[in-house]
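For ligands, and for the atoms within them, numbers begin at 1 and follow the listed sequence. As the structure is a prediction and not an experimental result, all values here were calculated from the model.
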Amino acid sequence: MADKDLEGRKALVTGSATGLGRSIALKLAERGADLIINCTRSLAEAEETVAECKKLGAETQLVAADVSTEEGCAKLAEAAASWGRLDILVNNAGITRHARDHADLDALTRQDFMDTYAVNVAGPFLVMQACKPLLEKTYQETGRAAAVLNVSSIAGVTGIGSSVAYAATKGALNTMTLSLARALAPAIRVNAVCPGFIGTRWFKDRMDENQYQRMESGVAESTPLKAASGPDDIADSAVFFLTDASRHVTGETLLVDAGMHLGYAPLVAR
Ligand code: NAD
């Protein structure tokens, strides 16, 4: 059983019906936080996440809202306002268009860029804009900075990812993390995690079980730590930024990728 070190803290995790967002939400609930679970279309999965959080003792609200719109973000802020403040915000919602051959420029349209940018970059900005007074309230009431975590990707650091558009949005999110960490201090800390591979529906929905298993073992083989991450592996590192253990950390970007960004080890003649 985890320490209840987040008892009474109010947390919003966007895109938390599934995958990494769900895993982060459950880890926060385990440590005593109350939760806002957010989804767009995945209502059935969101309800499952809510039920799991409640089982862990968390007061939990479900808000169906699109983070790429001002109306959606206003709904999220309204839910948090019922608590009077927000201690933790995780900007996890994200989308991609799979276009893995980065030389095939025709694989992406202008609309693909706009859609991906709207969710992955404008989304976190709009959520922060809507929630800023509630995050500041935490600092005013407790003297403790509110914690914001942006879920980015190593694609934003290496330029290699599911598409050129996706990598560009995560690069932008990393830069926005720096801008806002500087601008919103001391009331709000803003950090980012950059996962490598995460075994979620992102891949599982696009291939059969056999193909997925082959891909997962290929990923594990290619990383220095010989591991393919699941949502819990990333969430364990992500939660660090949402607890007092990181109280003096802001503007940081942590790569959580089993060493994937290091590439292959140089061949050494033996
Ligand atoms: P996922 O599809 O399970 O999770 C993404 C969630 O975001 C979904 O629940 C989806 O409904 C939600 N979402 C999408 N658009 C939304 C919107 N406009 N408003 C609100 N919610 C919205 O996939 P995941 O792998 O868990 O992805 C979570 C995050 O991790 C994303 O930001 C993604 O870019 C990042 N990431 C994933 C991988 C990977 O390999 N899967 C690698 C690096 C980073």
S.K.: What pairs of residues pass the salt bridge (Lys or Arg N to Asp or Glu O under 4.0 Å) test when at least one of them lies in residues 67-76, not counting sequence neighbours?
M.R.: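 For residues 67-76: none.
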
S.K.: With sequence neighbours left out, what residues match Ser179 under side-chain contact (heavy atoms from CB on, under 4.5 Å)?
M.R.: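 With neighbours one apart ignored, the set is empty.
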
S.K.: Look at Lys10 together with Asp34 and state whether they make a salt bridge at an N to O cut-off of under 4.0 Å.
M.R.: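 Yes, charged N to carboxylate O under 4.0 Å.
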
S.K.: I'd like to know if the side chain of Arg97 pairs up with that of Ser163 as donor and acceptor (distance under 3.5 Å, no hydrogens or angles considered).
M.R.: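 Note: Arg97 and Ser163 side chains miss the donor-acceptor criterion.
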
S.K.: Would the distance check show the side chain of Asp257 and the main-chain N or O of Pro195 forming a donor-acceptor pair, the cut-off being under 3.5 Å?
M.R.: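 Answer holds: no.
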
S.K.: Which protein residues come within less than 4.0 angstrom of ligand 1, counting heavy atoms only?
M.R.: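 Only Gly15, Thr18, Gly19, Leu20, Asn38, Thr40, Ser42, Ala65, Asp66, Val67, Asn92, Ala93, Gly94, Ile95, Val119, Val151, Ser152, Ser153, Tyr166, Lys170, Pro195, Gly196, Phe197, Ile198, Thr200, Arg201, Trp202, Phe203 have heavy atoms that fall under 4.0 Å of ligand 1, ordered by chain and number.
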
S.K.: With ILVMFWY side chains joined below 4.5 Å, transitively, what does Phe113's cluster contain besides itself?
M.R.: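 Answer for Phe113: Leu108, Val164.
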
